[in-house]
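Before any comments, here is the structure.
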Amino acid sequence: MARDAGKETLLERLFPAWPIKSFSVRAIAWWLVILFCLAIWIVILIAWLR
């Protein structure tokens, strides 16, 4: 069976077994905000411990 190369994205080609469509945009944005806040707190903690 031939693949429809027009509909697949680069990520789907790199990770064919990874269900990209299962992640919603809201969930990705939420995790990015959480990771950003965590990174800021780590930087503040490192600066405070010096």
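Quick note: residue numbers are just sequence positions, from 1.
Partners of Ile40 according to the side chain to side chain contact (heavy atoms under 4.5 Å, CB included) rule, which considers only residues two or more places apart in sequence or in another chain, are Phe36, Ile44. Scored by the side chain to side chain contact (heavy atoms under 4.5 Å, CB included) test, Leu49 finds Leu45 as partners (sequence neighbours excluded). In this structure Leu35 satisfies the side chain to side chain contact (heavy atoms under 4.5 Å, CB included) test with no other residue, sequence neighbours excluded.
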